[in-house]
K.L.:
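Handing you this structure, nothing more for now.
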There are 2 protein chains.
Amino acid sequence: MPSVTQHNAKVGRPRSEQARDAVLHAADDLLEEVGYAALTVKGIAERAGVGRQTVYRWWSTKAEILFEACVTDAEEELSVPREPDPAADLASYLTALVTFLARSPAGAAYRALLAAAQHDRAVKELIATRDVLADSARTVLARNGLPTSDEAAARVIGTPFFWVMSGRDPDGLHPGELARDLMRDLAPPN
Amino acid sequence: MPSVTQHNAKVGRPRSEQARDAVLHAADDLLEEVGYAALTVKGIAERAGVGRQTVYRWWSTKAEILFEACVTDAEEELSVPREPDPAADLASYLTALVTFLARSPAGAAYRALLAAAQHDRAVKELIATRDVLADSARTVLARNGLPTSDEAAARVIGTPFFWVMSGRDPDGLHPGELARDLMRDLAPPN
DNA sequence: AGCGTTTCGATACACGGTGCCTCGTAATGG
DNA sequence: CCATTACGAGGCACCGTGTATCGAAACGCT
């Protein structure tokens with residue numbers, strides 16, 4: 001038989017890495033230019049100089065494209081160099097978190113995805129596969145001897161997250177005070 | 001001249017309250033049935049038994065319709081009866097907040113709106129006109145002698161907000177512990 | 001080299017929602 | 001009864017969706 005699309009095939013023309021990168025970068029650029037709502041698969045394909053079917057072959061939604069386009073950047077921007085003092089380390093992470101969410105293109109993409117997840121189960125499951133925010137928080141908690149539970153991570157992320165998502169000025173938050181309180185609240189035994 | 005649509009007109013046929021309610025309820029119902037993504041102005045109009053132009057005359061986006069449809073419910077659900085003990089009062093509010101965000105239809109609408117606000121300035125300004133979440137938190141803070149600053153409200157809302165928005169189990173959060181820590185962190189002078 | 005397989009870019013298609021416009025009609029005030 | 005405005009209904013061009021199909025290109029195998 002003449003075959004159907006068979007993604008893990010060992011024979012035939014291999015997937016073009018060039019096309020893949022072009023799509024990912026086009027999605028990134030267009031998100032900044034036109035915003036998530038006006039982001040279309042058609043637009044991405046045209047900008048990338050790629051057939052529309054080539055996009056649909058590898059991704060089923062624009063959310064999937066965006067997720068693949070921003071996860072790596074997100075993980076990098078949220079992994080901050082360690083500070084000797086635990087409270088300072090936490091404060092530095094909180095600053096990085098706010099900056100990421102409020103100012104980074106990858107952060108904008110992540111907010112758009114988390115937004116879409118609120119009314120799209122597929123997106124919700126997609127972003128659940130790599131819990132970028134909580135994982136980065138857990139890393140910082142762990143290296144400062146604090147509990148790494150889901151609740152602890154949520155305590156760390158919660159305030160900056162709501163701050164940015166509700167459209168408040170990212171410079172208006174005081175990470176130092178927040179870090180100080182979090183240290184006390186989360187200090188073991190618990 | 002034969003005139004144009006003139007919303008604050010003193011003459012002519014008055015706006016139909018019946019049509020307004022029908023649209024608002026149709027939006028509410030459809031949000032539950034099909035979700036925000038599949039929610040269309042066309043669908044709302046048909047469900048409401050209303051001309052499509054009648055919808056466009058009073059609202060410019062589906063977000064505006066949804067906002068008007070859920071704000072009142074939201075404010076009601078977030079105004080909890082006062083408890084004698086401050087920590088218990090705060091804990092009771094936190095429970096109501098999680099329930100609202102995670103389980104209430106109005107909460108679902110609010111999450112959808114906040115989601116849309118991440119990539120739509122008009123929606124961001126719209127929901128900023130009535131900061132339902134922060135206002136309800138401020139009320140609880142005030143009646144327990146705690147500071148009512150934006151940051152204090154964000155501290156209260158942050159953790160439950162992130163918890164629900166990131167898709168975690170609403171029953172997995174412990175409002176009592178959170179309330180206890182918040183009381184200590186926010187206690188005056190500050 | 002030749003063949004089968006799979007992806008490539010390109011294009012066409014039916015479908016459905018958008019936002020605007022126009023129709024004839026209904027409900028106000030002067 | 002007339003001017004004015006909103007009403008429900010339906011039509012319109014436009015655009016994005018997701019699928020199908022085309023010939024060409026790029027691989028492994030013999």
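Residue numbers start from 1 in every chain, and the chains themselves are labelled A, B, ... in the order their sequence lines are given, proteins ahead of strands.
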K.L.:
Does the structure place the NZ or CZ of R15(B) under 6.0 Å from the centre of the six-membered ring of W59(B), at an angle of no more than 45° from the ring's axis?
P.N.:
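Yes, R15(B) and W59(B) form such a contact.
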
K.L.:
Can you check the W59(B) CH2 to dG19(C) C1' distance for me, whole Å?
P.N.:
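It is 16 Å, rounded to the nearest whole Å.
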
K.L.:
From OH of Y36(A) over to P of dG16(D), roughly how many Å is that when rounded to an integer?
P.N.:
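Atom OH in Y36(A) sits about 16 Å away from atom P in dG16(D).
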
K.L.:
Send over the distance from Y56(B) OH to dA9(D) P, rounded to a whole Å.
P.N.:
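Roughly 16 Å, once rounded to whole Å.
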
K.L.:
With a cut-off of less than 4.0 Å, is there a side-chain N or O of T54(B) near OP1 or OP2 of dA6(D)?
P.N.:
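So the side chain of T54(B) is outside the cut-off, no N or O lying under 4.0 Å from OP1 or OP2 of dA6(D).
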
K.L.:
Figure out the CZ/C1' separation between R20(A) and dC8(C), and round it to whole Å.
P.N.:
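Answer to the nearest Å: 17 Å.
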
K.L.:
Per the atom types in the model, does the base of dC21(C) pair as donor or acceptor with the side chain of Q53(B) at under 3.5 Å?
P.N.:
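Answer yes: a donor N or O sits under 3.5 Å from an acceptor.
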
K.L.:
Any side-chain N or O of R15(B) below 4.0 angstrom from OP1/OP2 of dT5(D)?
P.N.:
no

K.L.:
Can we say E68(B) and R20(B) salt-bridge, meaning some charged N sits less than 4.0 Å from an Asp/Glu carboxylate O?
P.N.:
yes

K.L.:
Under 4.0 Å between any heavy atoms, over every strand shown, what does G49(B) touch: base, sugar-phosphate, or nothing? Just pick one.
P.N.:
sugar-phosphate

K.L.:
Side chain of R57(B), heavy atoms from C-beta onward: which of dC7(D), dT28(C), dG28(D) has the nearest atom to it?
P.N.:
dC7(D)

K.L.:
Output the rounded distance in Å from CD (E64(B)) to C1' (dG19(C)).
P.N.:
14 Å

K.L.:
Classify the side chain of R52(B) and the base of dG11(D) as holding, or not holding, a donor-acceptor pair under 3.5 Å.
P.N.:
yes

K.L.:
Check this one for me: any side-chain N or O of S16(B) less than 4.0 Å away from OP1 or OP2 of dA6(D)?
P.N.:
no

K.L.:
Just how far, in rounded Å, is C1' of dA9(D) from CD of E46(B)?
P.N.:
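Atom CD in E46(B) sits about 11 Å away from atom C1' in dA9(D).
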
K.L.:
Whole angstroms only, please: what is the NZ-P distance between K42(B) and dC15(C)?
P.N.:
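One finds 13 Å between P of dC15(C) and NZ of K42(B), rounded.
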
K.L.:
Hey, is the main chain of L114(A) close enough, under 3.5 Å, to the side chain of Q118(A) for a donor-acceptor pair?
P.N.:
yes

K.L.:
Testing the 3.5 Å rule here: is there a donor-acceptor pair between the side chains of T72(B) and E76(B)?
P.N.:
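There is no such pair (donor and acceptor under 3.5 Å, judged by atom type) between the side chains of T72(B) and E76(B).
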
K.L.:
Rounding to a whole Å, what distance do you find between R13(A):CZ and dC27(D):P?
P.N.:
8 Å

K.L.:
When you get a sec, tell me which of dG8(D), dG9(C), dT4(D) is the closest nucleotide to the side chain of A19(A)?
P.N.:
dG9(C)

K.L.:
Can you find a side chain N or O atom of W58(B) that sits less than 4.0 Å from OP1 or OP2 on dC7(D)?
P.N.:
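So the side-chain polar atoms of W58(B) do come within 4.0 Å of the phosphate oxygens OP1 or OP2 of dC7(D), strictly under.
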
K.L.:
Specify whether F162(B) and F161(A) have parallel, tilted or perpendicular ring planes, treating 30° as the upper limit for parallel and 60° as the lower limit for perpendicular.
P.N.:
perpendicular

